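I have placed the structure first, in the form of structure tokens, so that the comments after it can refer back to it.
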There are 2 protein chains.
Amino acid sequence: MAVTDEAIEKIKGMIVSGALRPGDRLPKESELAADLGLSRNSLREAVRALSLIRILDVRQGDGTYVTSLDPQLLLEALSFVVDFHRDDTVLEFLAVRRILEPAATAMAATRIDEARLDTLAAQLDALGAAPSVEELVASDLEFHRGIVQSSGNSVLCSLLDGLSGPTTRARVWRGLTQEDAVSRTLHEHRAILAALRDGDAEAARSWATVHIASVEQWLRSTL
Amino acid sequence: MAVTDEAIEKIKGMIVSGALRPGDRLPKESELAADLGLSRNSLREAVRALSLIRILDVRQGDGTYVTSLDPQLLLEALSFVVDFHRDDTVLEFLAVRRILEPAATAMAATRIDEARLDTLAAQLDALGAAPSVEELVASDLEFHRGIVQSSGNSVLCSLLDGLSGPTTRARVWRGLTQEDAVSRTLHEHRAILAALRDGDAEAARSWATVHIASVEQWLRSTL
DNA sequence: AGCGCCGATACCTCCGATGTATCGGCTCAT
DNA sequence: ATGAGCCGATACATCGGAGGTATCGGCGCT
């Protein structure tokens, strides 16, 4: 195994074992390189790799730190990976989202608070009746993100965040080519919000399923 | 933005735009570095980072290639990320798995073929009635992986693969501390297999839910 | 035709030097 | 005494070059 890969494993080990805790600062490059028995250049490759997936946070002139290791932060790297997939596998990502999103919405139904509900409602109101496609998609992302955050599961939340990226493109295409997509989306959002306000988990789940399935169905018929 | 980060973005761009396709070979280090306007050292950091998340595959003495970009390959990086999480968030990972696995099992029920069913059955038979905890957990992983592969969704499959890692530890602890866990697991596996053979998606889903929920419940009561 | 040697190629690792951003203490004016 | 601003120490950023090693493919031998 290459020295850089060893270094990655060792740094990972130091974090997993608890020798390095979230927020801790690593020894400076030259010291750490000496400790691990490699050159600064090779160590930098390891640090850069870990920094790409948000394990480490390097700040020039300051030092290198272990991130908070929040699931949210780490799974953020997922969206980077997902970016590499285009049309061919977008259906598979969408299918996974179709499984997770309704479940998350149902979970949110029993624990969402008034403040969040009001925020979501205000958000939908602010959008108006005839938004542009871009506005709608942005609002759509925010709406679902707000709900999923109320599921109380940060892993679930980050995962859906990552999966939403590729399907966003699909939604844009859809908005551009399907006339009633806008009004239908607005209607479905209202329905989901109403179900959440009622604390009706099953209704919320069903509306979320319908919401995603309609995108999926359109996409399937298009490709 | 740092030159290395720019390089990462540029390489990513070349792949996403189609200028570089899966399996393609990149220009050699020195040329690519010159093209992108940075030093070989800095370029190497970018390449190493992309290689960690399986976007690139570097082979000493040969060259650097774009990987197949299979969802399976890319999501493999997920397990690396997941490794950084310990007890505190394992419940959240398990909760997500509890959502996905039953859905995947249900999907498999309608499309699994005879050969796969026979393989799974043989696998369960080979385990015997009183396996060691390690054997059981290994068999458990294989069993579920085999089923999820039959769901026909490689993204779903990889995701569950990644999520299974952290929960594996939990299963080991459980096997060590809970007497009837072994026999119960074996029984549940048989039930899932029977449901799959019947093509009964709902029964398969339910058994899978029960299967995971029992681990989750035990874990919740322990922490 | 098949096997093995060998050189070209490309990545691997390291070193040392210079550039640059950040932080914290110190100075000076208010 | 207090605050702003200067400035040096620190640590990461970037670079170019040198020597090492693994791989591939052509060439010659059997």
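Because the structure is predicted, anything quoted here is derived from the model rather than measured.
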*In terms of side-chain heavy atoms, does A/Asp161 have a donor or acceptor partner in A/His144 at a distance below 3.5 Å?*
no
*Side chains of B/Ser154 and A/Glu92: is there a donor and an acceptor less than 3.5 Å apart?*
yes
Please answer whether the main-chain N or O of [Y] pairs with a side-chain N or O of [X] as donor and acceptor at a distance below 3.5 Å.
| X | Y | result |
| --- | --- | --- |
| B/Asp24 | B/Arg21 | yes |
| B/Ser151 | B/Ala108 | no |
| B/Ser139 | B/Glu135 | no |

_Need to verify one output field. Residue with the more 5' nearest nucleotide on DNA chain C, B/Gly63 or A/Ser42?_
B/Gly63
Roughly, in whole Å, what's the span from [atom1] in [X] to [atom2] in [N]?
| X | N | atom1 | atom2 | result |
| --- | --- | --- | --- | --- |
| B/Arg48 | C/dC11 | CZ | C1' | 10 Å |
| B/Asn41 | C/dC14 | CG | C1' | 9 Å |
| B/Leu43 | D/dG17 | CG | P | 16 Å |
| A/Asp57 | D/dA11 | CG | C1' | 14 Å |
| A/Arg44 | D/dC15 | CZ | C1' | 11 Å |
| A/Glu45 | D/dT14 | CD | P | 13 Å |
| A/Glu29 | D/dT10 | CD | C1' | 12 Å |

*Does A/Thr4 place a side-chain N or O at less than 4.0 Å from the phosphate oxygens OP1/OP2 of C/dC12?*
no
*A/Ser39 side-chain N/O to C/dT13 phosphate OP1/OP2 under 4.0 Å*: no
_Looking at A/Arg197 and A/Glu114, is there a salt bridge between them, counting it only when a charged N and a carboxylate O are closer than 4.0 Å?_
yes
*Charged N to carboxylate O below 4.0 Å: is that the case for B/Glu142 and B/Arg145?*
yes
*Using the C1' atoms of five pairs at each end, what's the angle between the two axes of the helix from C/dA1-D/dT30 to C/dT30-D/dA1, to 10 degrees?*
0°
*Compare every heavy atom of A/Leu43 with every heavy atom of A/Ala33, then report the nearest pair and how far apart it is.*
N-CD2, 3.6 Å
_Taking every non-hydrogen atom, the tightest pair across A/Ala104 and A/Leu156_ = CB-CD2, 3.6 Å
*Looking at every strand, decide which applies to B/Thr64 at a 4.0 Å heavy-atom threshold: base, sugar-phosphate, or nothing.*
sugar-phosphate
*Base, sugar-phosphate, or nothing for A/Ser30, non-hydrogen atoms under 4.0 angstrom?*
nothing
*asked:* Counting only side-chain heavy atoms from C-beta out, which of C/dT13, D/dC12, C/dC12 sits nearest to A/Lys28?
replied: D/dC12
*For each nucleotide in nucleotides 17-25 of chain C, reading 5' to 3', give B when a protein heavy atom comes within less than 4.0 Å of its base, S when such contact involves only the sugar-phosphate, and - otherwise.*
B-BBBB---
